[in-house]
Trainee: 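Handing you a structure now.
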There are 2 protein chains.
Amino acid sequence: MPKHGSETWCGCPIRYGATVLGDAWALLILRDLVFKGARHFGDFVAADEGISTNILSDRLRMLDREGIVTREADPDRAVRVIYRLTPKGRALVPVLLAIVNWSETWDVRTEVPGPFIEAYRADPEGFSESLIAELEAGDAAD
Amino acid sequence: MPKHGSETWCGCPIRYGATVLGDAWALLILRDLVFKGARHFGDFVAADEGISTNILSDRLRMLDREGIVTREADPDRAVRVIYRLTPKGRALVPVLLAIVNWSETWDVRTEVPGPFIEAYRADPEGFSESLIAELEAGDAAD
DNA sequence: TTCTCTAACTTGCAAATTGCAACTTAAGTG
DNA sequence: CACTTAAGTTGCAATTTGCAAGTTAGAGAA
């Protein structure tokens with residue numbers, strides 16, 4: 001598969017999407033950022049129940065390179081790093097919610113809280129926008 | 001990462017999504033099924049510009065196992081196999097379109113025809129539904 | 001000052017997965 | 001009966017992953 005930016009790269013949107021989302025660990029990292037408020041390296045290690053730290057390191061680097069997350073030093077404890085979603089990263093919320101809705105509909109093992117999925121289905125765009133607004137507000141509060 | 005159906009599996013919708021969509025080749029195969037009308041093994045080989053036939057074979061098997069595509073013998077030429085999206089597979093259309101919209105918005109190299117993306121943005125749900133209806137009609141016509 | 005703790009990684013290595021090329025099978029076609 | 005097309009499979013080298021252990025760096029305690 002050609003690399004993004006190579007000569008044989010084409011303008012296909014799914015192909016670009018695949019370079020970011022076409023990786024199971026990256027999807028779970030994004031999940032933790034959006035739905036679980038993960039901000040630190042250790043949060044992802046704890047939440048994913050099984051990601052190796054070298055893989056996590058690699059994927060966070062990729063998400064940073066693609067402009068989806070930023071890395072900052074924690075002003076309180078310099079040893080900590082804060083990962084945050086950029087606007088480009090928050091713009092993935094509709095994609096993640098569409099996946100949530102699909103899994104909830106078609107996979108019997110998947111369980112999503114009723115009120116959550118009902119609110120999404122009633123107004124997908126509005127629901128996405130409020131979740132994005134919440135994430136923005138959460139970031140500004142830090 | 002636990003396997004779908006294992007003891008440690010949880011009901012997380014993104015995790016299930018990741019087993020299907022968290023693979024770059026699977027995403028490209030789905031793209032070819034939805035947007036390029038690919039139906040035969042050779043269509044995917046030609047369209048993806050680089051997928052190995054062993055990987056393609058493996059991913060089509062996975063999509064079949066997950067109930068996203070079906071495999072049928074071609075009634076005209078028995079040597080051919082027809083791959084088709086199931087309703088579960090067609091239900092991924094909103095996910096793919098959300099990815100298309102995201103890439104078009106945030107990746108400068110991505111190029112989507114103006115009318116297509118404008119129609120999607122004007123009414124994402126309606127656009128998804130008509131694309132799904134088109135796919136259903138196309139299948140019935142074969 | 002040194003000791004210990006926490007957090008975020010990096011390193012080394014075995015195991016699994018991928019990519020490439022060649023080969024196989026099966027059904028028509030001339 | 002050779003030839004062609006379509007859909008794979010096989011073998012193997014190279015890359016990537018997963019696991020465990022080690023490293024670095026800051027902050028507080030002894």
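Note that these values count all heavy atoms, side chains included, but never hydrogens, waters or copies made by symmetry. Naming: A, B, ... by sequence-line order, numbering from 1 per chain.
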Trainee: B:L60 CG to D:dG8 P: how many Å, rounded?
Mentor: 7 Å
Trainee: One character per nucleotide, please: for nucleotides 11-29 of chain D, 5' to 3', B when the base has a protein heavy atom closer than 4.0 Å, S when only the sugar-phosphate does, - otherwise.
Mentor: B-----SBB-----BS---
Trainee: Distance check needed: D:dG8 C1' versus B:F44 CZ, whole Å only.
Mentor: 14 Å
Trainee: Filter on salt bridge (charged side-chain N to carboxylate O under 4.0 Å, His left out), then keep only pairs touching residues 13-35 of chain B, sequence neighbours left out; what's left?
Mentor: B:D23-B:R59, B:R31-B:D48
Trainee: Expressed as a whole number of angstroms, how long is the span from A:R61:CZ to C:dC9:P?
Mentor: 8 Å
Trainee: Quick test of your reading: applying salt bridge (charged side-chain N to carboxylate O under 4.0 Å, His left out), list the pairs with at least one residue in residues 121-135 of chain A, sequence neighbours left out, ordered by first then second residue.
Mentor: none
Trainee: Could you tell me which residues satisfy side-chain contact (heavy atoms from CB on, under 4.5 Å) with A:P113, sequence neighbours excluded, listed by chain and number?
Mentor: A:P115, A:F116
Trainee: Between D:dA7 atom C1' and B:F41 atom CZ, what is the distance in whole Å?
Mentor: 6 Å
Trainee: Tell me, which pairs form a ring-ring contact (aromatic ring centres under 6.0 Å, His included) where one or both residues lie in residues 1-36 of chain B, sequence neighbours left out?
Mentor: A:W102-B:Y16, B:H4-B:W9, B:H4-B:Y16
Trainee: Specify the separation, in whole Å, of atom CG of B:D74 and atom C1' of C:dG28.
Mentor: 13 Å
Trainee: Give the rounded distance in Å between these two atoms: CD of A:E72 and P of C:dA7.
Mentor: 18 Å
Trainee: Heavy atoms under 4.0 Å, any strand shown: does A:Y83 hit a base, just sugar-phosphate, or nothing?
Mentor: sugar-phosphate
Trainee: Determine whether the side chains of A:Y83 and A:R71 contain a donor N or O and an acceptor N or O closer than 3.5 Å.
Mentor: yes
Trainee: In whole Å, what is the span from the CD1 atom of B:I82 to the P atom of D:dA6?
Mentor: 13 Å
Trainee: Rounded to the nearest Å, what distance is computed from the CZ atom of residue B:R80 to the P atom of nucleotide D:dG8?
Mentor: 12 Å
Trainee: Does anything in residues 91-115 of chain B form a salt bridge (charged side-chain N to carboxylate O under 4.0 Å, His left out)? List the pairs, not counting sequence neighbours.
Mentor: none
